[in-house]
Number of protein chains: 2
Amino acid sequence: MKNFYCEYSKFHVAIDCIIFGFTGGKLSLLVQKRSFEPAKGQWSLMGGFVRKDESIDEAAHRILFELTGLADLYMEQVGTFGEIGRDPGERVISVAYYALIAPEKYDTGNIRNHNACWMDMDNVPKLIFDHDDMVAAAKRRMREKASVSPIGFNLLPEKFTLSQLQSLYEAISGSAMDKRNFRKKVASMKFIGTTGEKDKTGSRKGAVLYRFIKEEYDKEPEFKIL
Amino acid sequence: MKNFYCEYSKFHVAIDCIIFGFTGGKLSLLVQKRSFEPAKGQWSLMGGFVRKDESIDEAAHRILFELTGLADLYMEQVGTFGEIGRDPGERVISVAYYALIAPEKYDTGNIRNHNACWMDMDNVPKLIFDHDDMVAAAKRRMREKASVSPIGFNLLPEKFTLSQLQSLYEAISGSAMDKRNFRKKVASMKFIGTTGEKDKTGSRKGAVLYRFIKEEYDKEPEFKIL
DNA sequence: TCAAAAGTGTTAAGTTTACACCCATGA
DNA sequence: TCATGGGTGTAAACTTAACACTTTTGA
């Protein structure tokens, strides 16, 4: 026997990316008008096929880079979707990843080139195949992770106000929070510190700008919000 | 263009199963001596390749059935492992699933036929390839899920004592619990009810046997232990 | 009769929730 | 001067954690 494996079937393996953004107090999703058959012209997640010379994580980063021009996005695998008929074109097994992208990093030009656009999270059109399931799974996973790990900062600009931070977590959890209780909790987190600067764009009074201090978090990596 | 997909690479896709058991107050793992190259004779997870005519979930159930003879095990996908050199034989992308198996269901004969055996959880030998990573990920996922959903009962016999239940959750969480606090919590869960029977094997006095009442749980599906 | 596991309540500490007003500023 | 978002503390409700002795019974 030269190679035990060769008698088994091989499959196309794809990556699909659920790309979350946050602007104007709302979560949004980056979706794409599909430019090839099957389902050409319909809305879908950004995706692509895994190549021989890359791991699946590398493939996910490459695909995301092609669309956004950004190489260092926070990404996490959600799960793999392998129903037989999920892609009517041909059997494809697809690994879903979610990514978090900060508004300051949006490269509108690059995104437009790919027929992609941001859609308000609770107003996403019907997507092709099982992409709606992928989005649902990604939301669930992202929410769980965000409640227990400081990944949310990847959705905010480097410097942010406490009101922004609160509205982010309200959007993630889908429920309103008490301002004073929220600020009390933030005050107890040494890894969220003031920059000394003020943001005057959001109010007449101006709000203090805070930042996430990774070095502090790494000293004592505990996080619990929501 | 006849088929847009055909220019892309195809991959072997495998399933690897992390099979958890619980006996004698300890979690255990079902591992297998590999009967083919590469890495023949070394310890590995139970696995197999996905076939053309089945979804990946179906493949996972099939593989588990071949080993255990059981069709209705609790299973959940952990994640997909796709590093290029993870299998030195050939490029294989592998989807890991964990399964929970109750001691009363152990079919020792069938398991032996597959060169498989139960290993005490914190005494598992070094496994091939990235199987140790898979086990670590599965443990993490199983613990998280078990703390918030009543999947643990899949590791117990139909009828169990409160001491058994407590030692299960101690094993899952890796930390001791207070007996009175634990029983208080259990008492507040309407979906854990007494059977009226007693188990005399574990002590002279005998302990009341309880059971998980799915119908009750479904009425008000909330669970929080640990 | 005694060893071994089963069973049983109370209190203190900590956490979470609810709640309302003053401040600073630019228009 | 006033409309707008920014900022601040306290008390009650609830949850969690700590803790030790009595019961039953087979060997």
Side-chain angles (χ1 to χ4, degrees), chain A residues 22-26 103 143 146-148 156-157 159-190 192-211 220 222-226, chain B residues 22-26 103 143 146-148 156-157 159-190 192-211 220 222-226:
Chain A
F22 181 70
T23 19
K26 297 228 164 208
R143 185 181 321 133
S147 74
V148 84
L156 292 174
K159 298 168 183 178
F160 49 84
T161 69
L162 293 184
S163 300
Q164 283 178 290
L165 187 65
Q166 179 172 349
S167 79
L168 170 64
Y169 280 101
E170 287 179 335
I172 290 174
S173 74
S175 62
M177 299 179 185
D178 179 89
K179 183 163 54 157
R180 278 179 291 187
N181 293 339
F182 183 82
R183 283 164 188 244
K184 218 183 307 171
K185 202 176 288 178
V186 169
S188 76
M189 299 178 182
K190 282 187 257 148
I192 301 180
T194 171
T195 60
E197 297 168 60
K198 278 205 165 190
D199 167 49
K200 310 284 281 184
T201 65
S203 73
R204 311 216 188 287
K205 185 178 178 180
V208 173
L209 285 164
Y210 287 76
R211 70 194 182 94
E220 207 181 330
E222 269 175 66
F223 186 86
K224 182 84 180 78
I225 212 159
L226 311 192
Chain B
F22 181 70
T23 19
K26 297 228 165 208
R143 184 178 324 131
S147 76
V148 83
L156 292 174
K159 298 168 184 178
F160 50 83
T161 68
L162 293 186
S163 300
Q164 283 177 289
L165 188 64
Q166 180 174 348
S167 78
L168 170 64
Y169 281 102
E170 287 179 334
I172 290 174
S173 73
S175 62
M177 299 180 185
D178 179 89
K179 183 162 56 155
R180 279 178 290 189
N181 292 338
F182 183 82
R183 283 165 187 243
K184 219 182 308 170
K185 203 178 286 179
V186 169
S188 77
M189 300 179 182
K190 281 185 255 146
I192 300 180
T194 172
T195 61
E197 297 168 61
K198 277 204 167 189
D199 168 49
K200 309 285 280 184
T201 65
S203 72
R204 310 215 189 287
K205 185 177 179 181
V208 174
L209 286 163
Y210 288 76
R211 70 192 183 95
E220 206 181 329
E222 268 174 67
F223 188 85
K224 183 85 179 74
I225 213 158
L226 314 191

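Just the heavy atoms: all of them, side chains too, but no hydrogens, waters or symmetry mates, feed the values below. Just so we're on the same page: letters track the sequence lines, and every chain starts at 1.
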Looking only at heavy atoms, which two atoms of A:Gln164 and A:Pro157 are closest? And how far apart?
-> NE2-CG, 4.2 Å

What closest approach, in Å, do A:Pro103 and A:Phe22 show between heavy atoms, and which atom pair accounts for it?
-> CG-O, 3.7 Å

Is a side-chain donor or acceptor of B:Arg211 paired with a backbone partner of B:Lys159 at a separation under 3.5 angstrom?
-> no

Counting only N and O atoms by type, is there a donor-acceptor contact under 3.5 Å from the side chain of A:Thr195 to the main-chain atoms of A:Leu209?
-> yes

Boundaries of the DNA chain C segment in contact with chain A, non-hydrogen, under 4.0 Å | C:dT17 to C:dA27

Sorted by position of nearest nucleotide on DNA chain D, 5' first, the leading residue of A:Asp178 and B:Ser203 is A:Asp178

Of B:Gly206 and B:Lys184, whose nearest nucleotide on DNA chain D comes first from the 5' end?
-> B:Lys184

With no hydrogens and no angle check, do the side chains of B:Ser175 and B:Ser173 hold a donor and an acceptor under 3.5 Å apart?
-> yes

Go through DNA chain D in 5' to 3' direction and return only the first and the last nucleotide with some atom under 4.0 Å of chain B's heavy atoms.
-> D:dA17 to D:dA27

The answer to which of A:Arg180 and A:Lys200 contacts DNA chain C further toward the 5' end, by nearest nucleotide, is A:Arg180

Residue pair A:Lys185/A:Lys198 against DNA chain C: nearer the 5' end by closest nucleotide is A:Lys185

Does a side-chain heavy-atom distance below 4.5 Å link A:Leu162 with A:Lys179?
-> no

Is there side-chain contact between B:Ile225 and B:Phe182, with heavy atoms separated by less than 4.5 Å?
-> yes

Just checking A:Thr161: base, sugar-phosphate only, or nothing, at a heavy-atom cut-off of under 4.0 Å?
-> nothing

Quick one: list whatever passes side-chain hydrogen bond (donor to acceptor under 3.5 Å, both in side chains) with B:Lys26, sequence neighbours left out.
-> none

